[in-house]
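Structure first, commentary second.
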Amino acid sequence: MNKKPGLLFVVSLLAIIILAASFNMNFGGNAPIHLPAGVNPDNVLYVCPIGSESAWGQFSTALHAVGKYVWLFFAFMVLVLMFSWGWALYQNLLKDKFSADAYKNPWDLTKLVFWGAVIVFVLYMTPNYFRRVEIRGHGTDWVLCENTSEGARVVRPGSVNLPSK
């Protein structure tokens with residue numbers, strides 16, 4: 001079973017805090033945008049301009065500059081993992097008996113590479129990457145947001161497109 005429930009709680013709480021902060025969620029909330037009479041709230045979208053002043057956005061932009069080298073490093077690490085697992089298997093086949101000690105280092109390296117890849121991917125793909133939209137007639141970057149978000153604007157759904165990547 002789970003030997004460290006406190007660690008699981010802290011990791012879950014940290015994930016919730018990061019997601020809430022990334023999507024500008026707060027407990028107080030701003031005043032919602034009031035639509036003119038006769039406008040159906042189901043026929044509008046709310047968009048906000050992307051602010052590049054966040055530390056996460058700046059770090060992600062810097063990581064995109066060296067992204068090719070980061071992915072090259074992870075490809076190299078996957079090759080090292082394959083050789084490591086292959087060598088452990090070869091050692092067990094030579095002895096003609098199973099030894100769990102041969103797999104200790106490959107397993108530790110596998111966990112390190114997996115969680116390293118997850119962390120780098122999260123840092124590389126900011127929440128704005130998945131919320132970004134293009135609005136016809138506006139050259140600035142926009143993200144979908146709530147009507148209580150700071151700087152929210154109302155647009156018709158027909159004028160919003162997913163960005164071309």
Side-chain angles (χ1 to χ4, degrees), residues 1-30 45-134 140-152 157 160-165:
M1 302 310 256
N2 189 359
K3 296 178 184 177
K4 298 182 181 181
L7 179 64
L8 182 62
F9 174 73
V10 168
V11 169
S12 301
L13 187 64
L14 185 61
I16 290 169
I17 291 170
I18 289 172
L19 286 173
S22 299
F23 287 96
N24 296 325
M25 294 179 182
N26 54 35
F27 292 112
N30 297 326
L45 288 175
Y46 300 97
V47 295
C48 298
I50 293 178
S52 60
E53 63 277 352
S54 72
W56 193 345
Q58 291 174 354
F59 185 79
S60 176
T61 302
L63 197 58
H64 277 270
V66 295
K68 183 167 90 173
Y69 301 108
V70 171
W71 298 124
L72 183 65
F73 173 75
F74 278 112
F76 172 75
M77 290 305 297
V78 167
L79 286 174
V80 169
L81 275 176
M82 287 192 294
F83 282 114
S84 176
W85 280 100
W87 182 253
L89 178 63
Y90 177 69
Q91 291 299 314
N92 273 333
L93 289 175
L94 279 179
K95 294 177 187 173
D96 199 22
K97 71 175 195 168
F98 179 76
S99 171
D101 292 339
Y103 295 102
K104 184 180 180 334
N105 288 338
W107 179 243
D108 289 343
L109 186 59
T110 301
K111 291 188 289 187
L112 183 71
V113 169
F114 173 77
W115 286 112
V118 167
I119 290 168
V120 168
F121 184 74
V122 166
L123 293 174
Y124 192 79
M125 301 294 184
T126 64
N128 287 343
Y129 179 85
F130 298 106
R131 299 186 308 157
R132 187 179 312 249
V133 293
E134 293 176 352
T140 58
D141 290 330
W142 299 86
V143 291
L144 293 175
C145 61
E146 297 292 325
N147 66 344
T148 57
S149 299
E150 188 175 332
V160 175
N161 294 329
L162 292 175
S164 54
K165 303 277 182 204

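Worth knowing before you read on, the calculation uses all heavy atoms, side chains too, and leaves out hydrogens, waters and symmetry mates.
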Minimum side-chain heavy-atom gap [X]-[Y] below 4.5 Å:
{"X": "Leu144", "Y": "Arg132", "result": "no"}
{"X": "Tyr103", "Y": "Phe98", "result": "yes"}
{"X": "Trp142", "Y": "Pro49", "result": "yes"}
{"X": "Val120", "Y": "Leu63", "result": "yes"}

If I take atom [atom1] from residue [X] and atom [atom2] from residue [Y], how far apart are they, to the nearest 0.5 angstrom?
{"X": "Trp87", "Y": "Asn92", "atom1": "CH2", "atom2": "CG", "result": "12.0 Å"}
{"X": "Asn105", "Y": "Trp85", "atom1": "CG", "atom2": "CH2", "result": "10.5 Å"}
{"X": "Ile119", "Y": "Phe114", "atom1": "CD1", "atom2": "CZ", "result": "10.0 Å"}

Count the heavy atoms belonging to other residues, nucleotides or ligands that lie under 6.0 Å from NZ of Lys111, then report whether that count exceeds 12.
yes
Do you know the tightest heavy-atom contact between [X] and [Y]?
{"X": "Leu109", "Y": "Met77", "result": "CD1-CE, 3.7 Å"}
{"X": "Val47", "Y": "Cys145", "result": "C-SG, 3.4 Å"}
{"X": "Pro106", "Y": "Ala88", "result": "CG-CB, 4.1 Å"}

Where do Asp101 and Lys104 land on the salt bridge (Lys or Arg N to Asp or Glu O under 4.0 Å) test, with the steps shown first?
CA-CA 5 Å; Asp101 292 339; Lys104 184 180 180 334; over 6 Å; no
Please check: side-chain N/O of Ser84 versus main-chain N/O of Val80, any donor-acceptor pairing under 3.5 Å?
no
What do you reckon, are the aromatic ring centroids of Trp71 and Tyr124 less than 6.0 Å apart?
yes
